[in-house]
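Counting starts at 1 for both ligands and their atoms, following the listed order. Please read all numbers here as calculations on a predicted model, not as lab measurements.
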Amino acid sequence: MTDKKTTLWGGASVMHPALAALSESLAQDLPLADADLRASAAYARGLARCGVLTNDEAETLAKGLMALRQELTEGTWLPTDVEDIHAAIESELTRRHGDVGAKLHTGRSRNDQVATAFRLTARERVDGLIAGIKAVQAALVSRAEDEIDTLMPSYTHMQRAQPIRLAHWLMAHFFMLERDVERMKSARAMANVLPLGSGAVSGHPFGIDRAWLAKELGFARPTDNSLDAVGDRDYVCDVIYACSMAALHLSRLAEEMVVWSTAEFAFLRWPDALATGSSLMPNKKNPDLAELVRGQAGPMLGDLTSILVLVKGLPVSYQRDLQEDKPPLWRATGRLLTSLQAMEAACLHVAFDRVRMTSALSDDILATEVADRLVARGIPFRKAHHAVAAIMGRVRDGKDDFKTLAKASDLPEPLVQADFDKLDMAAAIERRTAIGGTAKSAVEAQLQRARALLASV
Ligand code: ARG
C-alpha cells in the first residue's frame with residue numbers, strides 16, 4: 001500500500017491499493033525522464049531569474065538533475081516504488097539535496113511539468129521519424145536512378161494498364177512519403193510550444209520569464225493560455241495521425257512487394273537476410289518483412305483511435321485521464337521507426353527482375369496509344385476509345401492477340417491497320433512528357449526534385 005509519505009501532496013490518509021495501482025504510471029512515463037530532467041534544470045534557472053531561488057541553489061539543482069540524467073543513462077539510478085517519474089526525480093533530488101531539492105516545484109505543477117516533458121520527447125521522436133522517412137526515400141531514389149530504363153506495366157485495379165518506367169513506380173512511393181515528412185513537420189510544430197510556467201491551471205505566480213524558458217528548451221514560443229496549455233494534447237493526436245499515415249503508406253508499399261514476390265508476378269526477389277522460410281514447407285521463401293510492416297499499420301490506427309477517444313469529452317485543463325496519453329504515442333512512434341528501418345533495408349536490397357517486368361509488357365497495354373492515334377487524325381477521343389474498345393474484347397476473350405488484330409480486315413470504323421504500325425512501349429512512355437509523367441525527362445525532373453527535397457531540412 002502506498003504510504004502517505006510517498007505522495008507528492010502529503011495526503012492525510014493512506015491510499016487504497018486499488019487507487020495506488022491505477023495511479024502508478026512509472027513504466028509508461030519512464031521515457032519522459034530525460035526530457036523531465038532537462039526541463040527541470042531550465043526551470044530551476046528560470047526560478048533564479050525571477051528571484052525565487054538564488055543562483056547557487058539553481059546551480060545545485062541543475063547539477064543534481066544532470067547527475068541523475070547521467071546515472072539514468074548508465075543504469076546506476078533506476079527509480080522504483082514511486083507513482084511516476086516526476087515524483088521519482090523530485091524525491092531523489094530532495095533526498096540528495098534536502099531543502100534545495102524541495103524548492104524545485106515552486107510555482108510548478110505536474111500538469112505543466114508532464115506536458116513539457118511530453119512535448120519535448122514527442123518532438124525528439126518526430127525528428128527521429130523524419131530521419132527514418134528520409135532514409136527510405138533516399139533508398140527509393142538510389143534504386144530509381146538505376147532503374148530509369150527498366151520498363152514495366154503500370155496497374156490500376158491490379159490489371160495491366162499502361163507502360164511505365166520502374167523508376168516512376170519507385171518515385172510514386174517517394175512522393176507519398178514526402179507528404180509524411182510534411183505531416184511530421186506540422187505535428188512537430190504543434191508540439192513545439194512550451195507549456196511550462198502555466199502552473200496547475202492558472203499561470204505562474206512569481207512572474208517566471210516563459211519566453212526565456214521557451215528559448216532555453218528550444219521551443220518556438222510559450223503557450224498562450226495556462227488553462228488550455230495543461231490539457232492540450234492536440235500535438236499527441238497530430239503525431240500519431242502522422243505516424244498512422246506514414247504506416248499506411250509503408251503498408252501499401254509492403255503489399256505491392258508481397259504481390260510482386262509471388263511466383264505469378266516474380267518481379268521482385270527477397271534477399272535471404274530479409275526473408276524467412278517455412279517450418280514445414282521446404283519450398284517456401286516468405287516475405288515476412290513486408291507482411292510485418294503491413295501488420296503494423298492496423299494496431300497503429302487503434303492507437304490513433306485511443307488518443308482521440310481519450311481526449312473527447314474532457315473538460316478544458318488537466319484531467320487525470322490524460323495519464324493514458326503516453327502509451328499510444330510510444331507504441332505508434334516505436335512501430336513506425338521499426339517499420340521505416342525495415343522498409344529502408346527492403347528498398348535497398350530487394351532484387352528487381354527486369355526480364356520478368358519487360359515480358360509482362362503485353363501489347364494490349366498499348367490500346368490507349370491506338371486511340372490517341374485516331375485523336376491525332378481529328379477523331380474525338382470518345383469515339384476513338386469506343387472503336388478500340390470494340391476490338392479489345394476479342395483480345396480479352398483470347399480469340400486474337402493485339403498484333404493479329406492489327407492485320408484484321410474487319411476493323412471497325414474509323415480504325416485502319418496503320419493505326420497499329422510501329423507501336424512501341426518506349427515510345428508510349430516517352431510521349432508522356434508533361435510534369436509528373438513517364439518520359440525520361442519527366443522522371444529525371446522528379447529525381448532532381450527528390451534530391452533537392454532530401455537535401456532540405
Ligand atoms: N502521472 C501523471 C500524468 O502523467 C502525472 C500528473 C498528475 N497530475 C495530477 N494533477 N494528479 O498525467
Side-chain angles (χ1 to χ4, degrees), residues 2-40 43 65 68 72 78-94 104-125 191 194-205 223 225-237 239-240 303 306-333:
T2 305
D3 179 85
K4 71 174 177 185
K5 286 195 288 291
T6 67
T7 63
L8 285 174
W9 60 96
S13 61
V14 170
M15 195 188 272
H16 191 286
L19 175 56
L22 256 183
S23 235
E24 197 275 327
S25 65
L26 187 60
Q28 70 195 43
D29 53 34
L30 206 54
L32 295 176
D34 192 78
D36 196 67
L37 291 161
R38 283 180 284 137
S40 292
Y43 188 70
L65 289 158
L68 284 180
L72 202 66
L78 192 67
T80 49
D81 250 1
V82 58
E83 186 181 301
D84 66 15
I85 189 63
H86 318 286
I89 290 170
E90 191 185 325
S91 66
E92 182 62 17
L93 206 60
T94 308
L104 175 62
H105 214 53
T106 315
R108 187 174 74 166
S109 149
R110 270 187 300 166
N111 299 352
D112 59 342
Q113 182 183 1
V114 168
T116 301
F118 202 18
R119 282 175 182 263
L120 274 172
T121 312
R123 191 177 81 183
E124 283 154 16
R125 294 220 171 186
L194 173 83
L196 196 59
S198 298
V201 63
S202 63
H204 204 272
T223 51
N225 177 296
S226 60
L227 190 59
D228 176 38
V230 292
D232 172 17
R233 294 296 184 274
D234 291 7
Y235 63 98
V236 186
C237 302
V239 170
I240 301 180
D303 287 327
S306 296
I307 188 69
L308 294 171
V309 175
L310 184 74
V311 173
K312 178 208 162 291
L314 290 188
V316 75
S317 92
Y318 181 81
Q319 319 298 327
R320 191 62 189 274
D321 318 41
L322 292 174
Q323 179 164 295
E324 296 306 317
D325 58 0
K326 277 136 224 122
L329 189 120
W330 304 151
R331 285 193 299 261
T333 53

> Quick one: nearest non-hydrogen protein atom to atom 12 (O) of ligand 1, plus distance?
Replying inline: Y318 OH, 2.4 Å
> So, the side chain of T223 versus the backbone of L194: is there a donor-acceptor pair under 3.5 Å, distance only?
Replying inline: yes
> For residues Q323 and R320, is any side-chain donor paired with an opposing acceptor at under 3.5 Å?
Replying inline: yes
>> Show the atoms of ligand 1 that are less than 4.0 angstrom away from any heavy atom in S25.
In response: 1 (N)
> Any Lys/Arg nitrogen of R233 or E324 sitting under 4.0 Å from an Asp/Glu carboxylate oxygen of the other?
Replying inline: no
>> Once you restrict to heavy atoms under 4.0 Å, what part of D29 touches ligand 1? Side chain, backbone, both or neither.
In response: side chain
>> Once you restrict to heavy atoms under 4.0 Å, what part of Q323 touches ligand 1? Side chain, backbone, both or neither.
In response: both
>> Taking the basic N atoms (NZ, or NE/NH1/NH2) and the acidic carboxylate oxygens, is any pair closer than 4.0 Å for D321 and K312?
In response: no
> Who pairs with S202 by side-chain contact (heavy atoms from CB on, under 4.5 Å), at least two apart in sequence or on another chain?
Replying inline: none
>> Suppose we measure from atom 8 (N) of ligand 1 to each protein heavy atom; which comes out shortest, and what is that distance?
In response: N111 OD1, 3.2 Å
> Does K326 come within less than 4.0 Å of ligand 1, judged by its heavy atoms?
Replying inline: yes
> Looking at ligand 1, does any of its N/O atoms fall within less than 3.5 Å of an N/O of D84?
Replying inline: yes
> Identify the closest protein heavy atom to atom 11 (N) of ligand 1: which residue and atom is it, and at what distance?
Replying inline: R110 NH2, 3.8 Å
>> Looking at W330 and P31, would you say the former's side chain and the latter's main chain have a donor-acceptor pair under 3.5 Å?
In response: no
